[in-house]
Amino acid sequence: QVQLQESGGGSVQVGSSLRLSCAASGRLTISYDMAWYRQAPGKGREFVGGVSWSAHESHYGKALKGRFTISREYGAKTMYLQMSDLKPEDTATYYCNADCRSMGGLGEGKCWGQGTQVTVWS
């Protein structure tokens, strides 16, 4: 069984920075892309950004690139989301995901972590 676990969330003031981590565990391959999503209260899940398994390619959701940076070492189990100049509208639960089969799991579709809460207050 493969799993994803996010960490690093918290309650921070406007303008602060925060780094989230997403760690994969289990009998893993190395060839799985990873992505971050977030969900604010009362809203749908929003794509934040993703990074390829080789770490050679990354892409971001609209309006997030520039303040958010995703990083990962080649074939590594852990992906990071560095967030800077945080705003109240960044308040959300942040999730990571990856394709279950690509990770080495048996399930179809995407595997998701349980999420980590980020609250930005002014």
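This chain uses plain numbering: 1 for the first residue, then up along the sequence.
The aromatic rings of Tyr37 and Phe47 stand perpendicular to each other, their planes meeting at an angle above 60°, with 30° marking the opposite boundary. Phe68 and Tyr94 have tilted rings, their planes meeting at an angle from 30° to 60° on a 0 to 90° scale.
Counting all heavy atoms, side chain and backbone alike, Ser52 lies closest to Asp33 at CA-OD1, 3.3 Å. Minimum heavy-atom separation, Gln117 to Thr91: NE2-CG2, 4.0 Å. Here the shortest heavy-atom pairing between Leu28 and Val2 reads CD2-CG1, 3.6 Å. Closest non-hydrogen pair, Ala55 versus Val51, comes out as CA-CG2, 3.9 Å.
In the displayed structure, Gln114 atom CD is contacted under 6.0 Å by at most 12 heavy atoms of other residues, nucleotides or ligands. Other residues, nucleotides and ligands contribute only 12 or fewer heavy atoms inside 6.0 Å of the CD atom of Gln1. Heavy-atom neighbours of Glu73 CD from other residues, nucleotides or ligands within 6.0 Å: at or below the threshold of 12. Within a 6.0 Å radius of CD in Glu57, no more than 12 heavy atoms belonging to other residues, nucleotides or ligands are found.
One distance of note links OG of Ser17 with CD of Gln82; it measures 6.0 Å at 0.5 Å rounding. Rounding to the nearest 0.5 Å gives a distance of 13.0 Å between NZ of Lys77 and SG of Cys22. We find the NZ-CZ distance between Lys43 and Arg38 to be 8.5 Å, quoted to the nearest 0.5 Å. Interatomic distance, NZ of Lys110 versus CE of Met103, reported as 10.5 Å (0.5 Å rounding). Atoms CG and OG1, from Leu20 and Thr116 in turn, are 6.0 Å apart once rounded to the nearest 0.5 Å.
Under the 4.5 Å side-chain heavy-atom criterion for Ile, Leu, Val, Met, Phe, Trp and Tyr, Val14 and Trp121 are members of distinct hydrophobic clusters. No chain of hydrophobic side-chain contacts below 4.5 Å, direct or via other Ile, Leu, Val, Met, Phe, Trp or Tyr residues, connects Tyr95 to Leu18. Met34 and Tyr60 fall within a single hydrophobic cluster, where Ile, Leu, Val, Met, Phe, Trp and Tyr are joined by side-chain heavy atoms under 4.5 Å apart, directly or via other members. Note: the hydrophobic cluster containing Trp112 does not contain Met79 (ILVMFWY, side chain heavy atoms under 4.5 Å, direct or indirect links).
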Begin from the C-alpha positions of Arg101 and Glu108 and carry the test side-chain contact (heavy atoms from CB on, under 4.5 Å) through to its verdict. CA-CA 6 Å; Arg101 283 287 181 91; Glu108 296 289 340; 2.9 Å; yes
Could you go through Thr119 and Val12, starting from their C-alpha distance and side-chain angles, then the distance that decides it, and tell me whether this counts as side-chain contact (heavy atoms from CB on, under 4.5 Å)? CA-CA 6 Å; Thr119 302; Val12 296; over 6 Å; no
Glu6 vs Trp36, test: side-chain contact (heavy atoms from CB on, under 4.5 Å). Steps then yes/no. CA-CA 10 Å; Glu6 305 91 342; Trp36 286 102; 3.9 Å; yes
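In this structure a side-chain-to-backbone donor-acceptor pair under 3.5 Å is present from Arg67 to Asp85. Side-chain atoms of Ser21 do not come within 3.5 Å of backbone N or O of Tyr80 as any donor-acceptor pair.
The side-chain contact (heavy atoms from CB on, under 4.5 Å) test applied to Cys100 returns Cys111, not counting sequence neighbours.
Annotation: cation-pi pair Arg72/Trp53 absent, no NZ/CZ under 6.0 Å from the ring centroid and within 45° of its normal.
Using modelled atom types and a 3.5 Å distance limit, the side chains of Thr93 and Gln39 yield no donor-acceptor pair.
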